[in-house]
Protein chains: 2
Amino acid sequence: MPGENATIYDIASDAGVSIATVSRVLRGEQNVSAATKEKVQRAIEKRNYRPSSNARGLTSNTTHSLGIVLPKLLNPHYAMIFTGAQEEAARQGYTISLFPWNSLDTRAYDPATMLAERRLDGIIVCVEYLPADRGEQVLASLQNLRRVMPVVLIGCVPPWYDFPAVSNNNAAIMKDIVAYLVSLGHEKIAFIGGIREDNDPMRREIGYREGLREARLPYTDSYRVYGKGTPEAGIAALSTIFDTLKPEYWPTAVIAMNDLMAMGCQTEARRRGIAMPEQLSLIGCDDLFCAPYLYPALTSINSHQQRTGARAVQLLISGENKQETGDWELVERASCARIK
Amino acid sequence: MPGENATIYDIASDAGVSIATVSRVLRGEQNVSAATKEKVQRAIEKRNYRPSSNARGLTSNTTHSLGIVLPKLLNPHYAMIFTGAQEEAARQGYTISLFPWNSLDTRAYDPATMLAERRLDGIIVCVEYLPADRGEQVLASLQNLRRVMPVVLIGCVPPWYDFPAVSNNNAAIMKDIVAYLVSLGHEKIAFIGGIREDNDPMRREIGYREGLREARLPYTDSYRVYGKGTPEAGIAALSTIFDTLKPEYWPTAVIAMNDLMAMGCQTEARRRGIAMPEQLSLIGCDDLFCAPYLYPALTSINSHQQRTGARAVQLLISGENKQETGDWELVERASCARIK
DNA sequence: GATTAAAATGTAAGCGCTTACATTCCGAAG
DNA sequence: CTTCGGAATGTAAGCGCTTACATTTTAATC
């Protein structure tokens, strides 16, 4: 109704008090008599008044909005992280906005700019797949950013940076997977990783190798292939394995570093007439929503990405400088089978 | 190095001019001599100064941030819309933040509150699946919202509301699909819709029926099933069809209102030993990223959701009160086949 | 009833910008 | 060398809050 927005002055005059008093009840301060508080609150109700976030921010130098930098939302893995972060932010009265990785390059709209304009109170950066060639550079610039605003990372970071972060225990996950496959009788286990020098992917490879070692299985370079995390990359990777190896060395199980690549593997296996899981077991990682509906339904690792996003927000807001590791579980479906 | 953020005063004194002049070069006004502009710009560079968005917003009553209300991001359909919107917003120097539908209910964090706090310059609301029972109510409250801030809708709206909106031509899409299936020789075509009274789904059903009519095929209630758009709903829907119908009436083709339901259909068909596409053709809608990797690869409708999101942002920012309809294309894959 | 400390409230000075208006500067015209 | 008008620049008043500090009430104590 009131065409224009009411200000604190309107409320003050309506309630017959000073703006300071209104401000006090607004922020729930103690020293306000019950009667006054009543009057003010009624006035607020009546005008449907909300304090201007701009004015508030001007004094507090705050915006109640956060940023999160992710590679791309179209990958459901990131959509999960984002959703978790968004929900937690909302719960705490914050707004969160997305910055695709590439926005880091466009000056007009990079987080650093947002920060400098004080449009952001803090930022979460997902560095899981931080490309190695730019890795150091990016981390260094984040370190800079950090001098001016809170930064929380998602993903693993070299220990000499002490960013607050929440990450996966990549190595442990991989060891878990290898152990699972071994328990099903597999001995020829291939690994399709992300780009080797990438951040988390590297640790996954380490875990894979450790897993093999613990199972007293030999490690072979030719069982280790790389791709950039897309279904197409999965197709290429599986092709490489089956094209370069002699049939007697063909793996009986493949670990894909994420479900996207696993999807590609399924498609390619189908094309080649490789029966799954009879001739080839496959396990992915991320437990995407579509995993149960693939053929065969994909066994995967659920690492609670929403929770990861939520934790990152909590760390960001609370300012704790902790490094946390999420837990995970293996979700058994039809794509892995005991070897005959 | 500059521990604290520079203000316009710092720049002014550095450059030896008044803050008004700094403000002028900041906003690219004309009446500034080249020399002065130079000096000021150098000072800005040196201090890496950025104007505070809060202070700016306080005077202009603006935030350069938008909101978008979507059911849930975990559905890639919405992730696409969001991505398109986000990218366009970024391009125009805006920030956009997500509000899940349910946030409309929690007073502390609903768009209306954001609006009232002037934390948003405008909002996009996706009403594709607006539930009928709350539909009128929601639209009415949006109408209210609109008196205070720009609102753009995504999805179809009863014509008597004149919201700016971008939507799909649902009926035409469905007619297209039916025609396609008919061209493959199908005559028994079932339709798995969204909840009947939902906004866009209703129009889809209309299109389905029109498509049948144009092909001179009879319409049967028992070929029309509903679900709420999830894979599980797809499973249930297909079960219903095949459980309630006598085998001689089993459809040879099924139209699923979205790919999510189609995924469920595939799973259920598999469980029942119905060969796809030999015994049953299936077509979805949305063309999710996983469609090509399903089994069989899913034929679907690509309706350029990213573009939809982007257009919505453009309408919002430009303030045009237009209603637009996106185009689409049918993406042929393996899940539909000519009938034998 | 006077005294006094605590509680309640008010006053006013910013926060960092934009902008209407006032002032100064400059070169062209007289 | 004036005079004048527009261009360049400066001054100051907000925008709607928060908050330190000042003032007024209130109620408890003697």
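In what follows, chains are A, B, ... by sequence order, proteins preceding strands, each numbered from 1. Not measured: the values here are computed from a predicted model.
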Only one of B:V152, B:L142, B:V127 clears side chain to side chain contact (heavy atoms under 4.5 Å, CB included) with B:F163; which? B:L142

Whether B:D121 side chain and B:H64 backbone form a donor-acceptor pair below 3.5 Å: yes

Which pairs, protein N/O on one side and nucleotides 20-23 of chain D N/O on the other, fall under 3.5 Å?
none

By the 4.0 Å heavy-atom rule, please label B:S23 as base, sugar-phosphate, or nothing. base

In whole Å, what is the span from the NE2 atom of B:H64 to the P atom of C:dC17? 15 Å

Are B:R146 and B:D162 within salt-bridge range, i.e. N to O under 4.0 Å? yes

With a 3.5 Å distance limit and no angle check, can you tell me whether A:S303 reaches the backbone of A:Q305 through a side-chain donor-acceptor pair? no

All side chain to side chain contact (heavy atoms under 4.5 Å, CB included) counterparts of B:N144, not counting sequence neighbours: B:R147

OP1 or OP2 of D:dT9 under 4.0 Å from side-chain N/O of B:S18: no

Would you call B:R307 and B:D327 a salt bridge, using N to O less than 4.0 angstrom? yes

Roughly, in whole Å, what's the span from CD1 in B:I11 to P in C:dG16? 13 Å

Please report the end-to-end axis angle for the helix from C:dG1-D:dC30 to C:dG30-D:dC1, five pairs per end, rounded to 10 degrees. 50°

Report the C-alpha separation of B:Y94 and B:Q86 in whole Å, then their side-chain angles, then the decisive distance to 0.1 Å, and conclude whether the side chain to side chain donor-acceptor pair (under 3.5 Å) test is met. CA-CA 9 Å; B:Y94 283 74; B:Q86 191 279 326; over 6 Å; no

If the cut-off is 4.0 Å, is B:Y9 near the phosphate of C:dG14, judged by side-chain N/O to OP1 or OP2? no

If you check the A:T59 side chain, which of D:dG10, D:dC17, C:dC17 turns out closest? D:dC17

Judged by atom type as modelled, is there a donor-acceptor pair below 3.5 Å linking the side chain of A:S23 to the main-chain atoms of A:I19? no

Separation of A:D10 atom CG from D:dC15 atom C1', in whole Å? 13 Å

Give the rounded distance in Å between these two atoms: CG of B:L26 and C1' of C:dG16. 11 Å

Whichever of B:V17 and A:S60 has the more 5' nearest nucleotide on DNA chain D, that residue is B:V17

Check the phosphate of C:dG16 against B:R56, side-chain N and O only, distance under 4.0 Å to OP1 or OP2. Yes or no? no

Round to a whole Å and report the spacing from CG of A:N54 to C1' of D:dG14. 15 Å

Can you sort out which residues in residues 27-44 of chain B have a heavy atom within less than 4.0 Å of DNA chain C? Ascending by number, please. B:R27

Side chain to side chain donor-acceptor pair (under 3.5 Å) assessment of B:E45 paired with B:Q41: CA-CA 6 Å; B:E45 284 298 319; B:Q41 246 140 14; over 6 Å; no

note: B:L58, atom CG; D:dC17, atom P; distance rounded to Å ~ 9 Å

Give the rounded distance in Å between these two atoms: CD1 of B:I8 and C1' of C:dT18. 8 Å

Take the protein atom CZ of B:R119 and the nucleotide atom P of D:dG16, then report the distance between them rounded to whole Å. 18 Å

Please examine the side chains of B:P164 and B:K322, heavy atoms only from C-beta on, and report whether any two atoms are closer than 4.5 Å. no

Does B:H304 have any ring-ring contact (aromatic ring centres under 6.0 Å, His included) partners at least two apart in sequence or in another chain, and if so, which? none

Return the set of residues passing salt bridge (Lys or Arg N to Asp or Glu O under 4.0 Å) with A:E38 (not counting sequence neighbours), or none when no residue passes. A:R42

